[in-house]
Amino acid sequence: MNYHRYYPVDVVNGEGTRCTLFVAGCVHQCRGCYNKSTWPIDSGFPFTQELEDRIIMDLQDTEIKRQGLSLSGGDPLHPNNVPAILKLVKRVKTECDNKDIWLWTGYKLNELTAKQQAVVPYIDVLIDGKFIQELADAKLVWRGSSNQIIHRFRLHN
Ligand code: SF4
């Protein structure tokens, strides 16, 4: 997997203070996409073991307390990204106490393949669906267009 940006302290991509990772690779080609540079699967930089370890350490940090991890892109559920994302979310849920995981994907939840679905049990909040420019609304929170659905699988406590 490649990634474009990692923000160790982020307050705009999900609730609370978070770590946020923007991965490379997206097949959806939404008109009006805000992040076209992330489309090629080989764009950006390699997501290394060091960066994975860094994210876990940042989430364990007690000086700057983060509510959780946000995964965006690009598309974290691009088939090429699924193995690395699955490894990362499993580590977060086993090594980081009470952290939530938010994930944005252009796929619809009910259209995920079995391999993509394997990530879902580790996700607390999943925002799905392509960005549709005709349905865009700046007043929407955590999503760009009204067709996208915020699935809250678990409430953070
Ligand atoms: S799913 Fe997101 S990153 Fe992919 S083309 Fe659509 S808006 Fe852009």
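First listed ligand is number 1; within each ligand, the first listed atom is number 1.
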Could you tell me whether a side-chain N or O of Glu111 sits under 3.5 Å from a main-chain N or O of Tyr107, the two making a donor and an acceptor?
no

Proximal ligand 1 atoms for Tyr34, defined as those under 4.0 Å from one of its heavy atoms:
2 (Fe), 7 (S)

Is the Phe45 to Tyr3 ring centre distance short of 6.0 Å?
yes

Keeping to distances under 2.8 Å, can you name the protein N/O/S atoms close to atom 4 (Fe) of ligand 1?
Cys26 SG

Mind checking whether Val82 and Phe153 sit in one hydrophobic cluster, side chains of I, L, V, M, F, W, Y counted as touching below 4.5 Å?
yes

When you compare the side chains of Asp100 and Gln67, does any donor N or O come within less than 3.5 Å of an acceptor on the partner?
yes

Less than 6.0 Å separating the ring centroids of Trp142 and Trp104?
no

Determine whether a donor-acceptor pair (N or O, by modelled atom type, separation under 3.5 Å) exists between the side chain of Arg66 and the backbone of Pro8.
yes

